[in-house]
Amino acid sequence: MSVVPLQALPLDRLRERASTKWRSYPEDVLPLFVAETDYPLAPAITDALTRAVLLGDTGYTPPDPGLGVAFSGFARRRFGWSVDPASVSSTCDVMMGVVEILRRVIAPGERVVVMPPVYPPFYDCVEEAGGVAERVPLAVSDRGWRIDLEGVGRALDGGARAVLLCNPQNPTGTAHSRDDLAALASLAARHGAVVISDEIHAPLTHAPARFTPFLSVSEEAASVGYCVTSASKTFNLAGLKCALMIGGAEQQRSLLRALPLEVGWRTGLFGALAGVAAMSPESDPWLDSLLVALDDQRRLLTDLLAAHLPDARYLEPDAGYLAWVDVSAYGWGDNPATRIRRDARVALHHGPLFGAEGRGHVRINIGCAPEILAEAVERVGTLARR
C-alpha cells in the first residue's frame, strides 16, 4: 500500500504560531530560512503533551525518562543499528551536547576540525568549548560533496585534536558513505583524536541514499566517537529542548556518565516526553508520510528552479528538508539572501554564515506546502528577470 504524503498546515494557521519562523519577519515575507517545518505534530506527540498539560505534569525531568530505550528501538528499526540504552544520556540540545563533550576532550586553544559549508553554530561551539576551529572544506564535484580525508589527515598531523562531523550534512544534505566514515575513524584513531558526529537529520534520509551511523561503521569508530542527536529536526520539537549523547565505547560512555549532573538536568521534561513518543513505533507511519512529502518537495524544487531560476545550481539532498542552492550566476552578491528578502519578500538562510564556501548561496527550507515553495521560487524568479 502506498504511503500518502503528509500535508502541511495552511498558511493562515501557521501564522498563528509563536516560533522564530513565524515571528521574525512581516506577514508579506514567506519564511523559508530557519529549520522548522510546517506539518502537524505526530499524533503520539500531541497525545503525550496534551496528557502532560492536563495533568499539570510540568516539573523536573526524571533521571530516566525512557529516552535510552526509545532511541535504542528507533535506531534498530530505522537504521539497523544496535544501541545499548545505557550508553544514551540527554541534555538540552545538540549544540550544548557538542560543547560539553568538547570541553572534556580538548585543552583550551587546541584545534577542532570543521568541514564547511556547515551549520553556523559549529564555529560558535568550538569557541565556547575553548577550542579553535580549523576549516577543512568538503570536497565538491558535480556529483556532490564528500569529506576531504586528505585535508582532515593534514589537520590531524598538524595537531588538531577533534573532528566535528555533520552526518547527514547541513546544509548540503549529504549522507556520508560508510567507506568515508570508516576512513575518518581510522584517521582519528591513528592520531588519538575524537570524532563528534551530529546526526540530527538522520531519520530524514531519502532512498536510495542510506544513512550510516558513525559509531556503527567499525570498532575504531566506536573507540573514538560520540553521537549527538535529537528528535527535534525530524519531528519539529526544537522548542522543547531535548537531545541525546551516545558513547561508542566504554571510555566514551564513562566520560558521558561523568558529566556534571546539571548537563542532564537541562533536558526539558516536555522534550523528553515528546522525544519518547516521537521515537516510538506508533510514530513510524507519520515519519514515513513525512519522508514521502519531503521527497516530493526536493524534486519539486528541481522543477521550480529549472522554470524560474535556470542558472541556479542545486543537487537534491540525500537527507533532510534543507536545500543548498548556488544563485551566484544572478549577481546578487556574496550574500544573496539579503536582496532576496528585501526585494522578493522571501526569507532564506544566508549562505556565507556556513563559511566562505557559502558565498553566492542560499539555504531553502522545503519543509512546507508545495504551493508555498512554488510561490517563493516564483517570487525570486521575478527578481531574476528584473
Side-chain angles (χ1 to χ4, degrees), residues 6 8-25 27 29 31-62 65-67 70-71 74 89-100 119-122 124-125 128 170 198-204 228-245 262-280 283 286-287 290 294 320-322 347 349 363 365-369 372:
L6 193 62
L9 295 170
L11 185 59
D12 59 347
R13 184 74 179 277
L14 291 166
R15 292 203 181 279
E16 296 180 19
R17 289 182 171 180
S19 62
T20 290
K21 183 173 185 179
W22 299 101
R23 289 292 181 267
S24 295
Y25 299 108
E27 286 198 2
V29 174
L32 280 73
F33 66 113
V34 72
E36 299 179 23
T37 56
D38 295 350
Y39 304 100
L41 289 177
I45 297 173
T46 299
D47 291 346
L49 295 178
T50 300
R51 175 175 168 78
V53 170
L54 292 174
L55 287 172
D57 191 5
T58 53
Y60 291 110
T61 306
L67 289 164
F71 181 76
F74 186 83
S89 57
S90 69
T91 190
C92 180
D93 57 42
V94 163
M95 290 298 98
M96 184 172 289
V98 169
V99 170
E100 294 298 341
Y119 184 50
F122 270 32
D124 299 328
C125 286
E128 184 178 348
N170 176 4
D198 171 359
E199 299 182 356
I200 197 170
H201 297 276
L204 297 174
V228 188
T229 190
S230 173
S232 63
K233 286 292 185 289
T234 299
F235 294 91
N236 203 41
L237 305 174
L240 300 186
K241 297 302 179 184
C242 176
L244 307 178
M245 302 174 288
E262 190 61 32
V263 174
W265 275 110
R266 293 169 185 160
T267 306
L269 178 58
F270 274 24
L273 294 172
V276 169
M279 294 183 288
S280 71
S283 291
W286 183 95
L287 177 51
L290 174 65
L294 295 179
Y321 50 83
L322 305 172
H349 210 324
R363 194 191 73 178
N365 181 344
I366 62 173
C368 57
I372 296 298

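Not a single ring-ring contact (aromatic ring centres under 6.0 Å, His included) links F122 to another residue, sequence neighbours left out. Contacts of E100 classified as salt bridge (charged side-chain N to carboxylate O under 4.0 Å, His left out), with partners at least two apart in sequence or in another chain: R103, R104, R266. Taking the side-chain contact (heavy atoms from CB on, under 4.5 Å) definition, one finds that R51 meets it with L55, sequence neighbours left out. Scanning for side-chain contact (heavy atoms from CB on, under 4.5 Å) contacts around T37 gives Y39, N236, Y321, with sequence neighbours left out. For the ring-ring contact (aromatic ring centres under 6.0 Å, His included) test, no residue two or more places apart in sequence or in another chain qualifies with F270.
Under the 4.5 Å side-chain criterion, counting only non-hydrogen atoms from C-beta, L244 is not in contact with V228. Within the 4.5 Å cutoff, no side-chain heavy atoms of L14 are placed close to those of I372. Inter-residue side-chain proximity for P65 and L269 is flagged as unmet; no heavy-atom pair is nearer than 4.5 Å. At a threshold of 4.5 Å between non-hydrogen side-chain atoms, the residues D198 and M95 count as touching.
In this structure, S19 and E36 approach most closely via the heavy-atom pair OG-OE1, 2.6 Å. Shortest non-hydrogen contact noted between G320 and L294 is O-CD1, 4.4 Å. The heavy-atom pair separating G275 from A231 by the smallest distance is CA-CB, 4.5 Å. Scanning both residues, N365 and A35, for their nearest heavy atoms gives ND2-CA, 4.0 Å. Heavy atoms only, all atoms of each residue included: L67 and S90 are closest at CD1-CB, 3.8 Å.
For the pair S232 (side chain) and L237 (backbone), a donor-acceptor distance under 3.5 Å is absent. Of the possible donor and acceptor atoms, one in the side chain of S230 sits under 3.5 Å from a partner among the backbone N and O of C242.
Atoms CG and OG, from L290 and S283 in turn, are 11.5 Å apart once rounded to the nearest 0.5 Å. Annotation: the span from Y119 atom OH to C125 atom SG amounts to 8.0 Å, rounded to 0.5 Å. The NE2 atom of H201 sits 8.5 Å away from atom OG1 of T234, with the distance rounded to the nearest 0.5 Å. Rounding to the nearest 0.5 Å places CE of M96 at 9.5 Å from OG1 of T267. With values rounded to the nearest 0.5 angstrom, T229 atom OG1 is found 12.0 Å from M245 atom CE. Between the CZ atom of R363 and the CG atom of N170 there is a distance of 5.0 Å, given to the nearest 0.5 Å.
Aromatic ring pairs are classed by plane angle as parallel below 30°, tilted from 30° to 60° and perpendicular above 60°; the pair W286 and F235 is parallel.
Annotation: salt bridge (Lys or Arg N to Asp or Glu O under 4.0 Å) contacts involving residues 229-242, sequence neighbours excluded, comprise D93-K241.
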_side chain to side chain contact (heavy atoms under 4.5 Å, CB included) assessment of I366 paired with L322_ = CA-CA 6 Å; I366 62 173; L322 305 172; over 6 Å; no

*Please walk me through it: do W22 and D38 pass side chain to side chain contact (heavy atoms under 4.5 Å, CB included)?*
CA-CA 10 Å; W22 299 101; D38 295 350; 3.6 Å; yes

*asked:* Using the rule given for side chain to side chain contact (heavy atoms under 4.5 Å, CB included), can you reason through L204 versus L287, listing the C-alpha separation, both sets of side-chain angles and the distance that settles it, and then say yes or no?
replied: CA-CA 8 Å; L204 297 174; L287 177 51; 4.2 Å; yes

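More than 12 heavy atoms of other residues, nucleotides or ligands sit less than 6.0 Å from atom CZ of R17.
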